[in-house]
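Notes to accompany the following structure.
Everything numeric here is computed off the predicted structure, so don't read it as measured data. Below, chains carry the letters A, B, ... as their sequence lines are ordered, and counting in each starts from 1.
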Amino acid sequence: MNSTTRYNPKETEAKWRQTWSDEQVFKTKFDSKRPKYYSLEMFPYPSGRLHVGHARNYTIGDVIGRYKRASGYEVLRPMGWDAFGLPAENAALDRGAHPKDWTYSNIKEMREQMQLLGFCYDWDAEVATCDVIYYHQQQKIFLDFLKHGIAYQKEAEVNWDPIDNCVLANEEVVDGRGWRSGALVERRKLTQWFFGITKYADELIDGLSTLTEWPEKVRIMQENWIGKSQGCRFNFILPVPVAGYDSDKIEVFTTRPDTIFGASFVAISPQHPLSLTLAKDNPAMAVFIEECKKGGTAAADIETAEKKGFDTGLRVAHPFDDTKTIPVWLANFVLMDYGTGALFGCPAHDQRDIEFARKYNLPVLPVVIPHGVKPADFTLENDAYTGDGILANSEFLNGLDVIAAKQKAIDAFVAKGLGQAETNYRLRDWGVSRQRYWGCPIPIIHCDTCGAVPVPENQLPVELPYDVTFDRPGNPLDRHPTWKHTTCPKCSGKAQRETDTMATFVDSSWYFLRFCDAKNTEKPFDKDRVNHWMPVDQYVGGIEHAVLHLLYARFFTRALRDCGYLNIDEPFRNLFTQGMVNHHTYRDQDGKWLYPYEVEKNSNGDWLKIADQTPAIAGDLIKMSKSKKNTVDPSEIMETYGIDAVRLFVLSDSPPEKDFEWTAAGIDGTWRFVNKLYRLIFDVLPHIAAKGSAQPASFSDAALNLRKLTHRTIATFTDSIEKFHFNAAIARLREYTNELGGIKIDTPDMQWAYREAMETLVQLFAPIMPHLAEELWRDLGYSDFIIDAAWPQVDAELARKDSVTIGVQVNGKVRATITLPAGSDAKTTEQIAVNDPKIASILAQTPAKKIIVVPDRIVNIVVAG
RNA sequence: GUGGGUAUGGCGGAAUGGUAGACGCGCUGGUUUUAGGUACCAGUGCCGCAAGGCGUGGGGGUUCAAGUCCCUUUACCCACACCA
């Protein structure tokens with residue numbers, strides 16, 4: 001074999017890329033008779049450059065897409081851009097680029113890069129969420145949500161940055177300060193638009209059980225996020241009215257109504273209307289409320305946060321025991337926006353409550369006694385008892401178990417007219433208003449006389465004005481000289497446009513539907529088309545979207561269903577969450593980040609900065625990030641090794657669901673394999689049977705063995721691809737090529753078998769390395785595109801193993817291996833095993849007590865001692 | 001704190017309860033080459049000259065048989081987080 005034969009990926013890849021594009025090989029045929037397969041990866045934010053993380057994500061989807069197409073499906077494989085969002089505005093602030101220009105130039109660059117990567121996307125279905133034709137339809141959907149009561153407006157608190165004059169997302173608040181301005185963030189109330197996702201809470205939980213092909217982890221995360229808890233809402237009655245508080249009761253929510261007789265305090269949120277009323281005449285309480293506001297919401301703060309309370313002096317009646325009154329406290333741990341903003345504390349059976357009670361010397365009365373313990377013997381120190389048991393000290397609940405007591409307590413609340421069973425959710429309605437420029441304008445006009453009036457459909461789209469300024473902080477739409485001034489569609493009076501735009505998660509909640517009908521200018525999408533293509537058969541993306549994006553998309557699909565747009569509930573049938581791509585980080589002596597190519601290892605194993613030979617520090621292996629300078633641009637790698645090598649490498653080292661480490665040595669080794677494959681096939685071409693040669697009547701043992709190897713490889717490789725075990729599939733491929741290398745091709749039957757092997761090999765790796773496969777496919781004499789060549793079929797007869805090598809164990813330890821015909825019965829297997837010289841000599845000393853034979857698997861001989 | 005996950009050679013990782021370490025990287029020796037690189041051949045879990053022994057984070061258990069199942073424990077990772 002000629003060791004100097006070298007594959008020229010640059011030339012070959014460019015050639016096939018051009019041909020595929022010219023011949024529109026990846027164009028979706030919407031009228032195809034084939035069964036449909038919708039293969040989708042989460043579309044990217046157009047940040048500027050593609051990195052290897054993207055490449056891995058899209059390669060996974062590409063392999064599936066190509067494999068499914070070869071397997072006879074009509075594949076919809078689109079790509080687009082999640083193109084609205086804050087980074088564009090930051091670019092405008094930082095370097096004066098217009099968000100629109102910046103975004104579209106990024107899209108152009110990234111599209112070119114993606115096309116270089118050879119993905120089989122149908123670019124005719126491309127979508128960018130900042131295209132007017134896209135957000136026009138999104139505005140239509142918004143109006144439909146409004147009609148159906150899914151969209152509504154209400155006042156809500158936001159994080160307000162007083163220096164930048166803008167609202168911040170929670171992620172943009174760092175240690176209570178704006179991430180950009182550093183200003184202390186204030187909470188402000190603004191009227192904002194919401195989508196009623198909570199109405200779908202139960203349906204979204206129930207739907208999870210139908211998503212059997214989703215990772216369990218994601219389903220659990222969503223269920224926890226929705227956070228359904230069943231309990232009871234009831235009132236504590238205030239014996240005397242509180243001036244300024246327009247109620248005579250405190251409403252609480254509890255999941256443990258059974259423990260009502262253990263109640264030793266009522267805790268209300270510092271933001272509770274009662275707290276605010278009382279604080280007006282109580283400076284000390286006002287100070288306490290102010291202090292509670294300060295506490296950060298960051299993870300560390302909460303973990304160390306002390307339970308703090310303030311006794312109001314008020315006492316409420318116990319609902320079932322007139323002899324008891326319960327003190328009302330303000331407590332810093334009570335959230336105003338969950339339940340009713342008030343709760344009753346039962347210290348004996350709630351850990352947080354017992355901490356509070358011990359601190360403020362409130363009574364701790366056990367009312368649930370563990371099974372088998374005498375009530376008199378049961379005491380609690382600093383740990384609450386939250387398990388099951390029998391009710392005690394609880395009048396009419398005594399003797400019941402927890403479940404029965406809950407029900408009876410609720411019945412009693414109902415009978416007294418104090419409350420009723422209620423289900424609460426952690427999930428809040430989805431606030432979609434953003435006080436930003438670069439987003440989809442909310443199609444609403446505010447009129448002083450008519451209120452919030454929807455923009456009539458025939459006046460859509462509400463387009464973003466281009467002539468905006470970013471010289472000052474705040475929303476440019478707000479201070480645009482003309483844009484927001486308009487007339488009311490109802491009364492024709494002077495009115496103002498809504499200047500808020502929609503959160504970008506709205507854009508990504510229906511793009512997968514738009515892909516089915518990307519160019520429709522009449523409506524968001526054609527119903528029949530969506531009903532045909534949806535649900536997405538395989539969705540691939542990062543685990544970081546496990547909750548928000550995937551939950552919003554599930555909600556949107558249902559909301560659109562209820563507006564008559566489509567007939568499905570769940571958008572994504574299979575979900576695959578891939579791992580991150582990590583890379584080593586390096587810093588110089590001053591702690592500045594260095595690119596990996598800026599450092600080298602000296603002979604002592606120490607890292608040096610190449611430029612000036614000063615010491616460098618090797619840092620952690622972390623997710624690729626521009627700021628840490630540990631990104632790898634696939635385009636650079638492609639220059640050297642070709643894109644097929646990159647595609648192969650990102651799939652071969654780790655299972656796709658796990659994190660993957662990018663290494664120079666790794667891509668180098670992969671490149672060697674690409675060449676080896678090329679040589680193996682290219683060099684052998686003159687020696688194998690001609691294309692389409694008749695199958696020989698019989699095969700020699702050697703040729704038959706090759707055919708068996710080929711068919712076993714098809715079987716295991718295909719199985720691994722189906723299971724997303726790409727790394728294992730590639731390992732099988734390497735094994736196969738290793739074995740092919742040593743075979744002599746000197747007889748007609750072997751020439752035929754070898755051609756079969758070569759064609760199979762090329763077809764198997766075609767989804768992973770499409771350019772190389774296409775090239776060799778032509779060399780093998782074909783003129784059609786390999787993506788349309790039917791996936792190799794396994795000949796079951798050939799794939800069956802005819803002999804097996806199994807272990808012979810003595811007391812569970814392997815002492816010998818035997819090879820015997822596959823399918824040998826237990827008796828034969830045992831005979832061969834005990835006759836093995838080594839086994840026989842052991843048995844001569846210690847006779848077998850028992851012999852377990854699992855045909856084709858194992859023999860285990862149990863001997864004494 | 002709650003929920004979920006992971007732990008296998010120097011490294012990435014394979015193993016429907018049935019020969020642990022496939023495949024690759026790295027390393028060692030050799031062949032080709034002016035040299036380097038490439039390519040090819042052989043070896044490579046640990047201890048041991050060998051016979052053999054030991055080995056899947058630790059401890060226990062179920063089983064003829066455990067990386068795999070159960071209990072327990074440690075470390076790390078991810079998500080959520082005062083949710084009543």
Side-chain angles (χ1 to χ4, degrees), chain A residues 1-6 215-225 227-229 231-232 252-256 259 267 269 295 297-299 301-303 305-308 331-335 337-346 350-353 355-356 424-428 543-544 546-547 579-580 649 652-655 657-661 663 665-666 668-670 672-673 675-676 679 716 720 725 727-738 741-742 804-818 849-854 856-863:
Chain A
M1 220 169 270
N2 185 349
S3 68
T4 57
T5 305
R6 238 171 208 267
E216 170 114 50
K217 176 164 65 164
V218 175
R219 288 185 288 167
I220 290 169
M221 282 166 76
Q222 292 214 350
E223 192 169 345
N224 292 341
W225 186 266
K228 181 176 184 169
S229 57
C232 167
V252 298
F253 175 74
T254 183
T255 55
R256 294 295 303 270
T259 64
S269 166
T297 51
D301 296 331
I302 292 164
E303 195 151 350
E306 215 182 322
K307 308 280 173 277
K308 282 187 198 153
N332 64 341
F333 58 81
V334 182
L335 306 172
D337 62 356
Y338 183 80
T340 60
L343 56 90
F344 79 83
C346 175
D350 184 282
Q351 188 56 34
R352 188 194 49 213
D353 293 347
E355 286 171 32
F356 192 78
N424 251 301
Y425 299 91
R426 210 190 73 104
L427 185 69
R428 311 272 72 140
I543 187 73
E544 67 272 21
V547 177
M580 295 182 301
F649 178 45
S652 51
D653 252 28
S654 314
E657 69 276 12
K658 288 183 77 172
D659 285 1
F660 166 81
E661 184 192 353
T663 62
D668 226 52
T670 306
R672 288 203 292 272
F673 179 60
N675 275 295
K676 186 176 163 179
R679 273 199 311 277
T716 53
S720 293
H725 296 174
N727 56 329
I730 292 164
R732 293 289 83 77
L733 213 58
R734 283 179 178 268
E735 246 178 325
Y736 185 46
T737 53
N738 287 345
V804 289
T805 301
I806 64 172
V808 182
Q809 300 178 327
V810 176
N811 286 351
K813 296 198 175 198
V814 177
R815 296 298 174 193
T817 57
I818 53 174
K849 290 208 309 206
K850 190 176 175 185
I851 299 182
I852 290 104
V853 178
V854 183
D856 290 350
R857 289 262 173 226
I858 200 85
V859 177
N860 191 11
I861 300 170
V862 186
V863 301

Just how far, in rounded Å, is [atom2] of [N] from [atom1] of [X]?
X: A:Glu355; N: B:G1; atom1: CD; atom2: P; result: 11 Å
X: A:Arg352; N: B:G1; atom1: CZ; atom2: C1'; result: 12 Å
X: A:Lys850; N: B:U63; atom1: NZ; atom2: P; result: 11 Å
X: A:Lys658; N: B:G12; atom1: NZ; atom2: C1'; result: 9 Å
X: A:Leu427; N: B:C83; atom1: CG; atom2: P; result: 17 Å
X: A:Asp659; N: B:G5; atom1: CG; atom2: C1'; result: 12 Å
X: A:Glu657; N: B:U6; atom1: CD; atom2: P; result: 10 Å
X: A:Leu335; N: B:C80; atom1: CG; atom2: P; result: 16 Å

Applying a 3.5 Å limit to both distances, which nucleotide forms a Watson-Crick or G-U wobble pair with [N]?
N: B:C80; answer: B:G1
N: B:U56; answer: none
N: B:U19; answer: none
N: B:A66; answer: none
N: B:A35; answer: none
N: B:G29; answer: B:C41
N: B:G48; answer: none

Checklist entry - Can you tell me if CD on A:Glu216 sees more than 12 non-hydrogen neighbours from other groups inside 6.0 Å? => result no
Checklist entry - Are more than 12 heavy atoms from other residues, nucleotides or ligands located less than 6.0 Å from atom NZ of A:Lys228? => result yes
Checklist entry - Taking NZ, NE, NH1 and NH2 as the nitrogens, is one of them in A:Glu355 or A:Arg352 under 4.0 Å from a carboxylate oxygen of the other? => result no
Separation of the [atom1] atoms in [N] and [M], to the nearest angstrom:
N: B:U63; M: B:U28; atom1: C1'; value: 42 Å
N: B:U8; M: B:G13; atom1: P; value: 9 Å
N: B:A39; M: B:U33; atom1: C1'; value: 10 Å
N: B:A66; M: B:G59; atom1: C1'; value: 15 Å
N: B:A22; M: B:A14; atom1: P; value: 13 Å
N: B:A42; M: B:U32; atom1: C1'; value: 15 Å
N: B:U68; M: B:G5; atom1: P; value: 16 Å
N: B:C40; M: B:A20; atom1: P; value: 31 Å

Item to check | Backbone of A:Gly812 reached by a side-chain donor or acceptor of A:Asn860 within 3.5 Å | outcome: yes
Item to check | Where the chi angle of B:G5 falls, syn if within 90° of 0 and anti if not | outcome: anti
Distances under 3.5 Å between protein N/O atoms and the N/O atoms of nucleotides 18-23 of chain B, please, pair by pair.
{"from": "B:G18", "atom 1": "O2'", "to": "A:Arg857", "atom 2": "O", "distance (Å)": "3.4"}
{"from": "B:U19", "atom 1": "O4", "to": "A:Thr805", "atom 2": "O", "distance (Å)": "2.6"}
{"from": "B:A22", "atom 1": "O2'", "to": "A:Arg732", "atom 2": "NH2", "distance (Å)": "3.1"}
{"from": "B:A22", "atom 1": "O2'", "to": "A:Glu735", "atom 2": "OE2", "distance (Å)": "3.2"}

Checklist entry - For A:Gly666 and A:Ile861, take the nucleotide of RNA chain B holding the closest heavy atom to each; which residue's nucleotide lies nearer the 5' end? => result A:Gly666
Item to check | Of A:Phe253 and A:Asp668, the one whose closest RNA chain B nucleotide lies more 5' | outcome: A:Asp668
Checklist entry - Only one of A:Ile851, A:Ile861, A:Val853 clears side-chain contact (heavy atoms from CB on, under 4.5 Å) with A:Val808; which? => result A:Ile861
Protein-nucleotides 54-59 of chain B N/O pairs under 3.5 Å:
{"from": "B:C54", "atom 1": "OP2", "to": "A:Lys813", "atom 2": "NZ", "distance (Å)": "3.1"}

Checklist outcome for this item: Out of B:A39, B:A84, B:G13, minimum distance to the side chain of A:Arg679 belongs to B:A39
Checklist outcome for this item: Testing B:A84, B:C82, B:G3 for proximity to the side chain of A:Asn224, the answer is B:G3
[N], OP1 or OP2 - any side-chain N/O from [X] closer than 4.0 Å?
X: A:Arg426; N: B:A81; answer: yes
X: A:Arg672; N: B:G26; answer: yes
X: A:Ser229; N: B:A84; answer: yes

Checklist entry - Looking at the rings of A:Phe660 and A:Phe649, which for Trp means the six-membered one, are their centres under 6.0 Å apart? => result yes
Checklist entry - Does a distance-only test, which skips hydrogens and angles, find a donor-acceptor pair under 3.5 Å between the side chain of A:Lys307 and the base of B:C82? => result yes
Next on the checklist: Using the side-chain hydrogen bond (donor to acceptor under 3.5 Å, both in side chains) criterion, which residues pair with A:Gln809? Sequence neighbours excluded.
Outcome noted: none
Checklist outcome for this item: The reported gap from CG in A:Asp350 to OG1 in A:Thr255 (rounded to nearest 0.5 angstrom) is 8.0 Å
Next on the checklist: What's the separation between atom CD1 in A:Ile730 and atom CZ in A:Phe673, rounded to the nearest 0.5 Å?
Outcome noted: 8.5 Å
Checklist entry - Does the side-chain contact (heavy atoms from CB on, under 4.5 Å) test come out yes or no for A:Lys676 and A:Asn738, once each step is laid out? => result CA-CA 10 Å; A:Lys676 186 176 163 179; A:Asn738 287 345; 2.9 Å; yes
Checklist entry - Going through the checks in order, is the side chain to side chain donor-acceptor pair (under 3.5 Å) test met by A:Asn811 and A:Lys849? => result CA-CA 10 Å; A:Asn811 286 351; A:Lys849 290 208 309 206; over 6 Å; no
Item to check | side-chain contact (heavy atoms from CB on, under 4.5 Å) between A:Thr254 and A:Leu343, intermediate numbers included | outcome: CA-CA 7 Å; A:Thr254 183; A:Leu343 56 90; over 6 Å; no
